[in-house]
Amino acid sequence: MAATDIARQVGEGCRTVPLAGHVGFDSLPDQLVNKSVSQGFCFNILCVGETGLGKSTLMDTLFNTKFEGEPATHTQPGVQLRSNTYDLQESNVGLKLTIVSTVGFGDQINKEDSYKPIVEFIDAQFEAYLQEELKIRRVLHTYHDSRIHACLYFIAPTGHSLKSLDLVTMKKLDSKVNIIPIIAKSDAISKSELTKFKIKITSELVSNGVQIYQFPTDDESVAEINGTMNAHLPFAVIGSTEELKIGNKMMKARQYPWGTVQVENEAHCDFVKLREMLIRVNMDDLREQTHSRHYELYRRCKLEEMGFKDTDPDSKPFSLQETYEAKRNEFLGELQKKEEEMRQMFVQRVKEKEAELKEAEKELHEKFDRLKKLHQDEKKKLEDKKKSLDDEVNAFKQRKTAAELLQSQGSQAGGSQTLKRDKEKKNNPWLCTE
């Protein structure tokens with residue numbers, strides 16, 4: 001019998017029995033609280049919005065401190081994400097807070113791909129957590145969870161409608177992170193314009209299918225306040241780290257020539273509502289939604305891409321070992337198929353190369369024969385020319401010898417006649433007188 005079948009039968013056969021006395025496991029919630037407090041908590045906020053909307057100031061105001069950071073400029077070539085982690089302590093509770101801010105968002109002329117670095121960053125945090133989960137030796141209790149728990153999307157207080165950049169970006173992010181839209185610097189528009197602006201934003205989000213984070217109403221202890229606050233979204237907020245004396249109290253506010261805007265006055269803005277919902281009431285739900293909804297969606301898609309499934313084609317449950325074996329066999333089959341294709345390709349290429357070499361060898365032989373024949377013809381011509389020259393030389397030599405012989409004979413004949421005349425003169429003196 002499979003382990004899953006046994007577990008199912010145990011769950012179905014569970015029954016409730018009374019206790020005869022106090023056992024002590026009612027202290028389990030206290031144990032969990034003590035353990036959680038000793039380990040501390042982590043919370044990661046992503047601030048998305050154009051440069052100059054007061055993202056850093058609002059974070060300083062929310063956590064009542066001054067976070068270190070360099071001011072962003074409007075000259076960034078692309079969208080960058082700047083992450084900073086801080087250790088905060090309140091009473092005996094420690095919080096590791098990570099604030100991720102978009103630098104250069106909306107500053108480019110071409111804003112078509114402005115959302116991509118944000119999506120890639122969120123996916124990278126999911127991937128890092130998944131890789132830690134898949135390790136043989138996991139240390140999740142000490143692992144710094146960098147997954148984004150809340151995305152505060154800062155909307156410019158135009159008073160008209162959402163920009164196309166805002167709609168596209170929130171649509172790309174709504175399945176990956178808990179989006180809480182807020183109207184930044186809401187003191188820039190009047191109360192009546194702000195009310196109409198909120199209605200317009202909500203209408204555009206619904207018509208474009210953008211899913212923003214809804215405060216949970218399934219818990220009776222917070223159902224009423226969360227239900228009321230859902231109707232106030234998006235929150236219109238103001239941030240300020242400057243404290244002014246109002247009455248007898250020092251309060252965070254912004255001073256203008258026409259008056260003072262108090263950050264924590266709910267008649268002036270929704271800052272208190274945002275702080276209540278984000279930190280004091282729903283921080284744990286944001287963490288839980290990130291893990292159980294957004295991360296699980298990423299994990300499921302990633303594992304399905306890797307070939308892991310919950311059921312086989314017959315709708316029977318798969319164990320991890322069976323899934324691994326099936327994937328391994330599939331991989332080995334693909335490997336053998338690729339190996340066979342590569343072998344056939346290699347044989348084909350060898351044959352093609354052999355044919356090319358044979359053709360080249362044939363051409364070389366034909367060229368060699370042509371050159372050999374040409375050489376023989378040239379050699380024959382040279383031999384014939386040489387023979388002709390030799391014949392001419394021999395003929396010339398013969399003519400020269402004959403000429404020399406004739407000349408020699410002529411010289412001898414002339415000498416004989418001279419001797420004969422001298423002798424005749426000597427024998428006949430009268431010839432001399434004459």
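Just so you know, these numbers come straight off a predicted model, no measurement behind them.
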Indicate whether any N or O donor in one side chain lies under 3.5 Å from an N or O acceptor in the other, for Tyr213 and Asn282. no

According to the interplanar angle, ranging from 0 to 90°, do the rings of His291 and Tyr295 count as parallel (below 30°), tilted (30 to 60°) or perpendicular (above 60°)? parallel

Any side-chain heavy atom of Lys198 within less than 4.5 Å of one from Ile183? yes

Taking it one step at a time, do Leu278 and Leu286 satisfy side-chain contact (heavy atoms from CB on, under 4.5 Å)? CA-CA 8 Å; Leu278 180 66; Leu286 288 164; 3.6 Å; yes

Please check if the number of heavy atoms outside Lys196 that lie under 6.0 Å from its NZ is greater than 12. no

For Gly49, is there any backbone N or O sitting under 3.5 Å from a side-chain donor or acceptor partner on Lys55? yes

Non-hydrogen side-chain atoms of Met229 and Leu233 separated by less than 4.5 Å: no

With respect to Phe154, which candidate in Pro234, Cys47, Pro181 satisfies the side chain to side chain contact (heavy atoms under 4.5 Å, CB included) definition? Cys47

For the pair Val272 and Glu276, evaluate side-chain contact (heavy atoms from CB on, under 4.5 Å) and give the outcome as yes or no after the intermediate values. CA-CA 6 Å; Val272 173; Glu276 289 289 325; 4.2 Å; yes

Does Lys337 come within less than 4.0 Å of Glu334, counting only side-chain N to carboxylate O? no

Going by heavy atoms in the side chains, are Leu81 and Leu46 under 4.5 Å from each other? yes

So does Lys200 have more than 12 non-hydrogen atoms from other groups sitting under 6.0 Å from NZ? no

Beyond-backbone contact of His22 with Asp26, side-chain heavy atoms, under 4.5 angstrom: yes

Look up atom NZ in Lys353 and atom CD in Glu356, then write down how far apart they are to the nearest 0.5 Å. 5.0 Å

I'd like to check Leu297 versus Lys176 (side-chain heavy atoms, cut-off strictly below 4.5 Å). Are they in contact? no

Can you measure from CG (Leu167) to OG (Ser161) and round to the nearest 0.5 angstrom? 8.0 Å

Let me confirm one number: the NZ-CZ distance from Lys338 to Phe331, rounded to the nearest 0.5 Å. 7.5 Å

Within the supplied structure, the quantity of interest is the number of heavy atoms (other residues, nucleotides, ligands) at a distance under 6.0 Å from Glu341 CD; does it exceed 12? yes

Please tell me whether Asp60 and Thr241 have a donor and an acceptor in their side chains that are separated by less than 3.5 angstrom. no

State whether the side chain of Ser38 and the backbone N or O of Lys35 hold a donor-acceptor pair below 3.5 Å, judged by distance alone. yes

Please list all pairs meeting ring pair (Phe, Tyr, Trp, His ring centres under 6.0 Å) that have one or both residues in residues 47-70, counting only residues at least two apart or in different chains. Phe67-Tyr86

Greater than 12 external heavy atoms within 6.0 Å of Gln131's CD: yes

Using side-chain heavy atoms (C-beta onward) and a distance below 4.5 Å, is Glu50 in contact with Lys163? yes

Do side-chain atoms of Ser203 reach the backbone of Ile199 as a donor and acceptor pair under 3.5 angstrom? no

About how many Å separate CZ of Phe126 and NE2 of His294, when rounded to the nearest 0.5 Å? 7.0 Å

Is the backbone of Glu242 close enough, under 3.5 Å, to the side chain of Ser240 for a donor and an acceptor to pair up by distance? yes

Pairing donors with acceptors under 3.5 angstrom, does anything connect the side chains of Asn178 and Thr290? yes

Can you confirm whether Phe346 is buried at CZ, in the sense that more than 12 heavy atoms of other residues, nucleotides or ligands lie under 6.0 Å from that atom? no

Is there a donor-acceptor contact under 3.5 Å linking the side chains of Gln344 and Gln348? no

Answer yes or no: does atom NZ of Lys172 have more than 12 heavy-atom neighbours from other residues, nucleotides or ligands under 6.0 Å? no

Do the side chains of Glu132 and Lys135 get close enough for a salt bridge, i.e. N-O under 4.0 angstrom? yes

Are any non-hydrogen side-chain atoms of Ser146 and Thr98 less than 4.5 angstrom apart? no

What's the verdict on salt bridge (Lys or Arg N to Asp or Glu O under 4.0 Å) for Glu296 and Arg299, showing C-alpha distance, side-chain angles and the deciding distance? CA-CA 5 Å; Glu296 282 300 318; Arg299 177 178 175 274; 3.7 Å; yes

Tell me whether the count of non-hydrogen atoms from other residues, nucleotides or ligands lying under 6.0 Å of CE in Met250 goes above 12. yes

Before giving the answer on side-chain contact (heavy atoms from CB on, under 4.5 Å), spell out for Phe215 and Val222 the whole-Å C-alpha distance, their side-chain angles and the decisive distance to 0.1 Å. CA-CA 9 Å; Phe215 304 118; Val222 294; over 6 Å; no

Inter-residue atom distance Lys252.NZ - Ile238.CD1, 0.5 Å rounding: 14.0 Å

Could you tell me whether a side-chain N or O of Asp270 sits under 3.5 Å from a main-chain N or O of Phe235, the two making a donor and an acceptor? no

If you count the non-hydrogen atoms of other residues, nucleotides and ligands that lie under 6.0 Å from CD in Glu90, is the total more than 12? no

Do Arg287 and Asp145 pass the side-chain contact (heavy atoms from CB on, under 4.5 Å) test, and can you show the C-alpha distance, the side-chain angles, and the key distance before you say yes or no? CA-CA 10 Å; Arg287 288 158 42 91; Asp145 186 5; over 6 Å; no

Mark yes or no for whether Asn44, through its side chain, and Ile148, through its backbone, hold a donor-acceptor pair below 3.5 Å. no

From CZ (Phe197) to CG (Leu162), nearest 0.5 Å: 6.0 Å

Test item: Gln108 and Val79 side chains (from C-beta on) under 4.5 Å apart, heavy atoms: yes

